[in-house]
Amino acid sequence: MNVYDVLKERGYIAQATHEEEIRALLANEKVSFYIGFDPTADSLHVGHFLGMMVMAHMQRAGHRPICLIGGGTGTVGDPSGRTDMRQMLTDDIIEHNCNCFKKQLQRFIEFDEGKALMVNNGDWLRKLNYIEMLRDIGPHFSVNRMLAAECYKQRLEKGLTFLEFNYMIMQAYDFMELNRRYNCKMEMGGDDQWSNIIAGVELLRRKYETPAYGLTFTLLTTSEGKKMGKTAKGALWLDPSKTSPYEFYQYWRNVNDSDVKNCLSLLTFLPMEEVIRLSSLENEQINEAKKVLAYEITKIVHGEEEAAKAQEAAKALFSGQGVLDNAPSLKISAEMLGSRLLDLLVEAKVFASKGEAKRIIQQSGLSLNNEKISDIDRLLTSADFSDGFCMLKKGKKKHYRLTLSNN
RNA sequence: GGGUAGGUGCCCGAGUGGUUAAAGGGAACAGACUGUAAAUCUGUCACCGCGAGGUUACGAUGGUUCGAAUCCAUCCCUGCCCA
């Protein structure tokens, strides 16, 4: 089966510059294609993960992914679809973030034997000569056309700086450079990148009359159209120290019924028949599908062992069976015993402030060893511990396994 | 550079001297109902305090006033129009 059809069947594809030609191209030759990742944070998140899934499908089909790290474009910041300007990052932060991205990408894409490439656009963008660059590619861009691009729509109302306006040109330049260096023929990206992608495709076609293609994939949104992968704390990160495998697992375990199918087909490698079977389960049966979904994604992102641990912990916490060893834990210093539970939990960042803690306790949202705490002055004592731990529950779903430490 | 409209809590947005920790909406959080779902309903939603109360907050800094998010000055930032 042609990868194009695989991608289409699984619901990845949003827009393509030349649908039939791309289909034929992917069927007939091994194609080098690229996806760019701008180093806006020190970890990739679920949005990036979707792109990596696309890369993985393409790689499995024999094509060559080029992961482009935006060490150059990251200095400018992509205004696409945004209402405000991105915070300008310092060179040090950008470099650090690039390194973090590199490490994470290596976990998902197979780089051995030239099966994939990882390059940084800082290598060429940062040493460009302004006049030369302008004269080289400037004539191929129409400002009128650029201004009409969908990606600037929001910003034309709120204000767009020249710095950011140039982002599109830099991205187009990247495609040209990758085409020259690695014979890269196609650029892929999230659908919000469509304008930037056609800019590159058109540049190559105009300037060199080279065939170039662009393909965008669906953005990961809920059935209500909201962005997926947002947690109370912010993004759902792929870095286990920023979002623990358990939290990660729980996120997917709790998606809406109506999003199960989409998530299964986009974020796991399960065969489509299985995706369809699971997502057509009804009522509480669909929980089975959610368990599979959570397990599968966690497995891809954090490995089988972590996925199993997360699943085990969830089972112990929510069904009361199995071992609690892998439940999210919290160490309490032994010498703090006898203090107010509330103070300890604020100290441990379970609550953002004492006010919040009190409120939750007053709303009966906190329980210790399955008993609701109603007294805000409740002390935590050794009597609460058995077998060296006690279980704390905040709200309906947040569990902590408290253990004692000696320092 | 000139004119003009603005900068309010996580976001949007009302408020133009005192009863305003600041309407309303959204998000979020807790509870009920459930399937670790959705929808719905109820409550909460700056910080400290058991409480009375206190502290900090409406772009920044200074000032007027018994009292300012609201008035004045200077500065910074943004939109629009003109050059």
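Just so you know, these numbers use all the heavy atoms, side chains as well, and skip hydrogens, waters and symmetry mates. Below, chains carry the letters A, B, ... as their sequence lines are ordered, and counting in each starts from 1.
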Minimum-distance nucleotide (side-chain atoms of [X] versus [options]):
X        : options             : answer
A:Asn256 : B:A30, B:A38, B:G49 : B:A38
A:Lys354 : B:G35, B:G31, B:C48 : B:C48
A:Lys372 : B:A32, B:A30, B:C48 : B:A32
A:Asn283 : B:G49, B:U36, B:G35 : B:G35
A:Ile360 : B:G49, B:U36, B:C29 : B:C29

Given that both distances must come in under 3.5 Å, which nucleotide forms a Watson-Crick or G-U wobble pair with [N]?
N     : result
B:C10 : B:G26
B:A68 : none
B:A52 : none
B:A73 : B:U61
B:U19 : none
B:C41 : B:G31
B:U36 : none
B:A5  : B:U78

Upstream residue (5' side of RNA chain B) when A:Tyr249 and A:Leu160 are each assigned their closest nucleotide: A:Tyr249
Earlier contact from the 5' end, RNA chain B, for A:Lys358 and A:Ile286: A:Ile286
Please state the [atom1] separation for the pair [N] and [M] - nearest whole angstrom.
N     : M     : atom1 : value
B:G13 : B:G25 : P     : 16 Å
B:U70 : B:A57 : C1'   : 15 Å
B:G6  : B:G59 : P     : 13 Å
B:C33 : B:A38 : P     : 16 Å
B:C72 : B:G17 : P     : 12 Å
B:G24 : B:A73 : C1'   : 34 Å
B:U19 : B:G54 : P     : 14 Å
B:U8  : B:A23 : P     : 16 Å

Between [N] ([atom2]) and [X] ([atom1]): distance, integer Å:
X        : N     : atom1 : atom2 : value
A:Lys396 : B:G35 : NZ    : P     : 12 Å
A:Lys397 : B:C29 : NZ    : P     : 9 Å
A:Asp257 : B:U36 : CG    : P     : 12 Å
A:Lys158 : B:G6  : NZ    : P     : 15 Å
A:Gln285 : B:G35 : CD    : P     : 12 Å
A:Arg340 : B:C48 : CZ    : P     : 11 Å
A:Leu342 : B:A30 : CG    : P     : 16 Å
A:Leu293 : B:U36 : CG    : P     : 16 Å

Pair [X]-[Y], side-chain donor/acceptor within less than 3.5 Å:
X        : Y        : answer
A:Gln104 : A:Ser43  : yes
A:Arg64  : A:Ser32  : yes
A:Trp124 : A:Asp174 : yes

Under 3.5 Å donor-acceptor, A:Glu356 side chain and A:Ser353 backbone: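 No; zero donor-acceptor contacts below 3.5 Å.
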A:Ser258 backbone acceptor or donor facing A:Asn256 side chain under 3.5 Å: no
N or O in side chain of A:Ser353 less than 4.0 angstrom from B:C48 OP1/OP2: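 The answer is yes; a side-chain N or O of A:Ser353 sits under 4.0 Å from OP1 or OP2.
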Side-chain N or O of A:Lys394 closer than 4.0 Å to phosphate OP1/OP2 of B:G31: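 Negative; the distance criterion is not met.
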hbond_proxy A:Gln363 side chain to B:G43 base (donor-acceptor, 3.5 Å cutoff): yes
Sugar-phosphate, base or nothing in reach of A:Gln250, heavy atoms under 4.0 Å: base
Touch class at under 4.0 angstrom, heavy-atom based, for A:Val255 against every strand present: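 It contacts sugar-phosphate atoms only.
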Aromatic A:Phe318 / basic A:Arg253 pairing, under 6.0 angstrom, 45° off normal: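 That pair does not qualify as a cation-pi contact.
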RNA chain B contacts among residues 302-329 of chain A, heavy-atom distance under 4.0 Å: A:Ala314, A:Phe318
Within 6.0 angstrom of A:Lys115 NZ, more than 12 heavy atoms from elsewhere: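 Yes - once you tally the heavy atoms of other residues, nucleotides and ligands closer than 6.0 Å, there are more than 12.
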Under a 4.0 Å threshold between the charged nitrogen and the carboxylate oxygen, would [Y] count as salt-bridged to [X]?
X        : Y        : result
A:Lys315 : A:Glu312 : no
A:Asp325 : A:Lys309 : no
A:Glu288 : A:Lys291 : yes

